[in-house]
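Below is one structure, written out as structure tokens; comments come after it.
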Amino acid sequence: MTVMEEVDLKTSLNRRVIADVKGLKIYTKTMTLLGGQSNAGKTALALNICDSVVKSGRKVMYVDTDEHAIKNRPDPNLLSHFRNENENGYASNFKYFTSFDEDEIIRLILEFKPDLLVIDTIYSPFIKIIEKGSLTRARRIKEFLLKLRDVIIQQDTAIILTTQVMKGTSGSDQMVYDILGGEGLKHLSDTKWMLNFERNGQKDIVDAEQSRRQIMIDKQEIVLVTFARGGVIEEVLRDSTEYEKKQGG
């Protein structure tokens with residue numbers, strides 16, 4: 001006979017807003033997936049959220065597995081910009097890593113007790129796992145995320161995972177959801193933010209001067225985000241009619 005365990009709802013449902021960037025909110029005890037094509041703004045969005053956390057006096061642990069690590073990017077470098085604005089805050093409350101080890105990440109979370117953990121990008125460290133092809137990679141990612149989930153609930157931590165998406169072939173204006181990392185990554189994420197360039201007809205605008213992005217949140221809401229040069233978020237519009245009014249539409 002299986003013993004049924006009663007869940008303490010007060011503890012289980014107690015999620016705090018750990019970051020609020022012009023109305024874009026991240027909650028503790030949750031795993032948020034930031035997906036998008038290359039250069040869509042995943043890292044810039046994650047860094048803006050991190051800066052909100054650091055400015056509030058809370059801790060961030062940032063694991064940078066992207067082959068184009070933030071520390072190596074030329075100016076304007078968004079991380080450098082935020083750090084220069086708040087050197088003491090970043091020295092005390094921001095830890096940045098460019099190497100990845102599953103067990104070490106768990107250990108560091110328990111030791112440093114970050115309010116926010118960012119893994120940018122989650123798929124990259126698992127690429128070399130090729131024993132049985134992509135299914136093995138997906139399974140390893142899923143197992144790692146299951147461990148992370150247990151830890152963030154205990155530590156009252158929020159997690160942001162970034163990953164690239166497969167480019168759509170339908171020509172539709174709908175954002176694509178074929179993410180790198182397997183179905184486990186998609187299903188274990190509590191909320192999914194899919195970033196894309198603002199559309200102009202059927203074409204993605206990729207000109208650097210076009211600073212606006214679309215974020216589709218859980219396939220239910222489209223948010224428009226405007227980045228200043230360098231990646232600082234200037235404006236967030238949650239209602240498309242508000243955007244149309246600003247454009248004189």
Side-chain angles (χ1 to χ4, degrees), residues 26 30-51 53 60-74 77-80 82 94-109 112 114 116-152 157-168 175-197 204 206 213 215-216 231:
I26 297 293
T30 60
M31 196 175 293
T32 299
L33 178 65
L34 301 186
Q37 298 176 30
S38 179
N39 297 320
K42 300 182 295 295
T43 297
L45 178 56
L47 287 175
N48 276 272
I49 293 170
C50 289
D51 192 57
V53 176
V60 173
M61 179 175 158
Y62 200 106
V63 182
D64 187 355
T65 74
D66 195 295
E67 60 180 6
H68 302 295
I70 303 168
K71 69 181 181 66
N72 297 328
R73 298 183 188 183
N77 185 305
L78 188 57
L79 179 56
S80 178
F82 284 142
F94 189 91
K95 289 190 178 295
Y96 176 77
F97 303 88
T98 56
S99 56
F100 180 95
D101 181 89
E102 297 168 55
D103 294 333
E104 185 68 0
I105 286 176
I106 300 293
R107 186 190 72 78
L108 287 168
I109 294 173
F112 182 55
L116 174 64
L117 166 69
V118 177
I119 301 179
D120 183 14
T121 67
I122 184 61
Y123 181 74
S124 296
F126 297 91
I127 289 177
K128 294 181 181 180
I129 301 173
I130 58 175
E131 297 96 306
K132 295 181 181 179
S134 60
L135 290 179
T136 299
R137 288 192 288 268
R139 189 177 300 119
R140 282 284 296 272
I141 292 173
K142 181 179 179 180
E143 290 174 356
F144 173 59
L145 294 183
L146 286 170
K147 293 178 184 177
L148 272 184
R149 179 177 291 284
D150 289 340
V151 173
I152 68 170
T157 299
I159 293 182
I160 293 176
L161 309 169
T162 78
T163 190
Q164 287 195 25
V165 299
M166 299 295 288
K167 193 169 184 179
M175 293 189 185
V176 290
Y177 281 85
D178 296 327
I179 65 171
L180 294 180
E183 289 298 305
L185 171 59
K186 184 162 62 175
H187 294 306
L188 284 173
S189 301
D190 299 295
T191 185
K192 290 167 278 295
W193 296 10
M194 295 295 151
L195 283 70
N196 206 345
F197 298 97
D204 287 336
V206 296
R213 301 289 190 274
I215 305 174
M216 181 177 282

Determine whether [X] and [Y] make a side-chain contact, defined as any pair of heavy atoms from C-beta on separated by less than 4.5 Å.
X      : Y      : result
Phe97  : Ile105 : no
Ile49  : Thr32  : no
Leu117 : Phe112 : no
Ile70  : Thr43  : yes
Val53  : Ile26  : no
Arg73  : Asp66  : yes
Arg213 : Phe197 : yes
Phe82  : Asn48  : yes

Grab the two heavy atoms, one from [X] and one from [Y], that are nearest each other, plus how far apart they are.
X      : Y      : value
Thr98  : Ala69  : CG2-CB, 4.4 Å
Leu180 : Thr163 : O-OG1, 2.6 Å
Gly182 : Ala138 : CA-CB, 4.0 Å
Gly231 : Leu78  : O-CD2, 3.7 Å
Met31  : Leu145 : CE-O, 3.9 Å
Pro125 : Phe100 : CB-CD2, 3.4 Å

**OP:** For side chain to side chain contact (heavy atoms under 4.5 Å, CB included), just list the numbers for Leu33 and Met194, CA-CA rounded to whole Å, side-chain angles, deciding distance to a tenth of an Å, and then say yes or no.
**Re:** CA-CA 8 Å; Leu33 178 65; Met194 295 295 151; 3.9 Å; yes
What is the distance from atom [atom1] of [X] to atom [atom2] of [Y], rounded to the nearest 0.5 Å?
X      : Y      : atom1 : atom2 : value
Ile160 : Leu45  : CD1   : CG    : 7.0 Å
Ile179 : Leu34  : CD1   : CG    : 11.5 Å
His68  : Asn39  : NE2   : CG    : 8.0 Å
Ile122 : Leu148 : CD1   : CG    : 7.0 Å
Leu116 : Phe94  : CG    : CZ    : 9.0 Å
Leu188 : Ile159 : CG    : CD1   : 10.5 Å

Subject >> Results of salt bridge (charged side-chain N to carboxylate O under 4.0 Å, His left out) for Asp51 - residues two or more places apart only >> reply: Lys55
Original post:
By side chain to side chain contact (heavy atoms under 4.5 Å, CB included), which residues pair with His187, not counting sequence neighbours?
Top reply: Glu183
Subject >> Passing option when Tyr96 is tested against Val63, Asp64, Val60 for side-chain contact (heavy atoms from CB on, under 4.5 Å) >> reply: Asp64
Is it the case that the side chain of [X] and the backbone of [Y] share a donor-acceptor pair, with hydrogens and angles ignored and the cut-off at 3.5 Å?
X      : Y      : result
Thr65  : Thr121 : yes
Lys42  : Gly36  : yes
Thr157 : Pro114 : yes

Original post:
For atom CG of Asp101, is the number of surrounding heavy atoms from other residues, nucleotides or ligands below 6.0 Å larger than 12?
Top reply: yes
**OP:** Mind telling me whether Phe144 and Phe126 have parallel, tilted or perpendicular rings, with 30° and 60° as the class edges?
**Re:** tilted
Original post:
Salt bridge between Glu143 and Arg140, side-chain N to carboxylate O under 4.0 Å?
Top reply: no
